[in-house]
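Only one structure is covered here, and it is reproduced in the block below.
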Amino acid sequence: ISTNKILIFDLTMPVSRIEIHELTNGPSRKLRESQVSAYIDKPACEASRPLSEMRIRCELLEDFEITVKNPNGGPVRCRDVFEQLYEWFDNLANISDRRKWGSNGRIEACVDALNKRCEASMRSVSPAEKKKGMRRVDLLQGKHFYKGLTRPADPTAKYWVVDFGDSRS
């Protein structure tokens, strides 16, 4: 995305809720849904050869890795990355997930993230969503805003690192 635009992707919301704001000299301007759609349909990486898949890791969750592919077989688009991240993190956290990523005193922060997500949930009323239980997004301890993808410092690494933060900007 260009430097005069800010993409806002909250992993607690579906990809259809992504916003892009254009920065101007005055207040920022929110792009229309069709403009957002055009932006996120662009290739995920501007490489000399389009990527057919992307392996993505997250430093907040040790051993987390997903492989993103375009479901239509073409180059990986930003939309594919966002949809597959949302799909993975929207799943309920099973016992194995909670043991793996909620250990070492982290579970309290995960429960706090669950409670805050449920209070803000548009999916259903708070008690119903809370009754469903912890989702994988809660394992990020409230850091559910997409901040970007980067390559690791190791030039031989064949994966990308996704970064999440706790605010929209």
Side-chain angles (χ1 to χ4, degrees), residues 1-24 26-42 44 54 56-66 68 71 77-150 160-169:
I1 197 156
S2 67
T3 56
N4 70 331
K5 292 181 176 55
I6 296 175
L7 182 135
I8 301 170
F9 175 35
D10 179 350
L11 274 174
T12 66
M13 303 286 177
V15 172
S16 61
R17 301 289 308 263
I18 287 178
E19 295 178 9
I20 297 178
H21 294 260
E22 191 168 50
L23 304 176
T24 61
S28 68
R29 181 180 69 90
K30 183 177 167 184
L31 298 186
R32 293 188 313 272
E33 191 174 324
S34 61
Q35 293 171 302
V36 171
S37 196
Y39 268 94
I40 68 174
D41 280 335
K42 291 181 179 181
M54 288 180 83
I56 299 176
R57 296 181 182 177
C58 175
E59 291 179 352
L60 295 172
L61 301 177
E62 185 179 322
D63 297 328
F64 163 86
E65 184 172 295
I66 63 170
V68 175
R77 304 165 299 164
C78 296
R79 178 181 304 278
D80 303 321
V81 171
F82 298 141
E83 286 177 347
Q84 291 173 43
L85 284 170
Y86 174 76
E87 183 180 303
W88 193 88
F89 280 102
D90 190 50
N91 282 309
L92 292 173
N94 60 37
I95 291 172
S96 175
D97 293 336
R98 290 191 302 259
R99 281 188 187 135
K100 186 175 189 175
W101 293 309
S103 60
N104 300 328
R106 294 182 58 195
I107 199 67
E108 294 81 13
C110 296
V111 170
D112 186 49
L114 165 68
N115 291 333
K116 287 178 181 173
R117 179 181 56 78
C118 288
E119 288 170 14
S121 177
M122 295 179 65
R123 183 188 322 265
S124 59
V125 294
S126 179
E129 182 64 17
K130 192 180 284 189
K131 187 174 183 178
K132 289 179 186 173
M134 187 175 290
R135 293 186 185 276
R136 287 176 172 163
V137 70
D138 300 319
L139 299 171
L140 296 172
Q141 303 174 10
K143 294 180 178 169
H144 50 83
F145 286 95
Y146 174 84
K147 297 299 180 185
L149 286 171
T150 56
W160 295 75
V161 177
V162 65
D163 186 29
F164 299 110
D166 56 4
S167 67
R168 293 171 55 105
S169 56

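Here, residue 1 is the first one in the sequence, and each next residue gets the next number.
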Quick one, Phe89 with Phe64, criterion ring-ring contact (aromatic ring centres under 6.0 Å, His included). Give me CA distance, side-chain angles, the key distance, then yes/no. CA-CA 11 Å; Phe89 280 102; Phe64 163 86; 5.5 Å; yes
Kindly indicate, with the supporting measurements, whether the criterion ring-ring contact (aromatic ring centres under 6.0 Å, His included) is fulfilled by Phe82 and Tyr146. CA-CA 9 Å; Phe82 298 141; Tyr146 174 84; 5.1 Å; yes
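- Annotation: side chain of Ile6 is not in contact with side chain of Ser28 (no heavy-atom distance under 4.5 Å).
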What verdict does the side-chain contact (heavy atoms from CB on, under 4.5 Å) test give for Leu7 and Ile18, after you've listed the backbone C-alpha separation in whole Å, the side-chain angles of each residue and the deciding distance to 0.1 Å? CA-CA 7 Å; Leu7 182 135; Ile18 287 178; 4.1 Å; yes
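- To the nearest 0.5 Å, atom CG of residue Asp163 and atom CG of residue Leu60 are 7.0 Å apart.
- The pair Glu62-Lys100 does not meet the salt-bridge criterion, since no charged nitrogen lies less than 4.0 angstrom from a carboxylate oxygen.
- Considering only residues two or more places apart in sequence or on other chains, Glu22 meets the salt bridge (Lys or Arg N to Asp or Glu O under 4.0 Å) condition with Lys5, Arg29.
- Atom OG of Ser37 sits about 12.0 Å away from atom CZ of Arg32, to the nearest 0.5 Å.
- Side chain of Asp41 to backbone of Ala38: no donor-acceptor contact under 3.5 angstrom is found.
- Counting heavy atoms from C-beta outward, Phe164 and Cys58 have side chains that approach closer than 4.5 Å.
- The side-chain tip of Arg106 does not point at the ring of Trp101 from less than 6.0 angstrom away and within 45° of straight on.
- Using a cutoff of 4.0 Å between basic side-chain nitrogens and carboxylate oxygens, Asp10 and Arg17 are not scored as salt-bridged.
- With rounding to the nearest 0.5 Å, the separation of CZ in Phe145 from CD1 in Ile8 is 8.0 Å.
- A donor-acceptor pair is defined here as one N or O able to donate and one able to accept, closer than 3.5 Å; no such pair exists between the side chain of Arg79 and the backbone of Ile40.
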Does Arg77 form a side-chain contact (heavy atoms from CB on, under 4.5 Å) with Asp80? I'd like the steps, not just the answer. CA-CA 5 Å; Arg77 304 165 299 164; Asp80 303 321; 2.7 Å; yes
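- Within the 4.5 Å cutoff, the side chain of Tyr86 has no heavy atoms near those of the Val137 side chain.
- Every residue meeting the salt bridge (Lys or Arg N to Asp or Glu O under 4.0 Å) condition with Glu65, not counting sequence neighbours, appears here in chain and number order: Arg55, Arg57.
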Please evaluate residues Trp160 and Val68 with respect to the criterion side-chain contact (heavy atoms from CB on, under 4.5 Å), reporting the C-alpha separation (whole Å), side-chain torsions for both, the decisive distance (0.1 Å), and the verdict. CA-CA 11 Å; Trp160 295 75; Val68 175; over 6 Å; no
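- Counting non-hydrogen atoms of other residues, nucleotides and ligands closer than 6.0 Å to NZ of Lys143 gives a total of 12 or fewer.
- Leu139 places a side-chain heavy atom less than 4.5 Å from the side chain of Met134.
- Counting only heavy atoms from C-beta outward, the side chains of Glu129 and Arg117 approach each other to under 4.5 Å.
- Side-chain contact between Arg135 and Asp90 is present, with at least one heavy-atom pair separated by less than 4.5 Å.
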Evaluate the criterion side-chain contact (heavy atoms from CB on, under 4.5 Å) for residue pair Val161 and Leu149; output intermediate values, then yes/no. CA-CA 5 Å; Val161 177; Leu149 286 171; over 6 Å; no
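- Remark: Gln35 CD is packed, more than 12 non-hydrogen atoms of other residues, nucleotides or ligands lying under 6.0 Å away.
- Between Ile20 and Lys30 the shortest side-chain heavy-atom distance does not fall below 4.5 Å.
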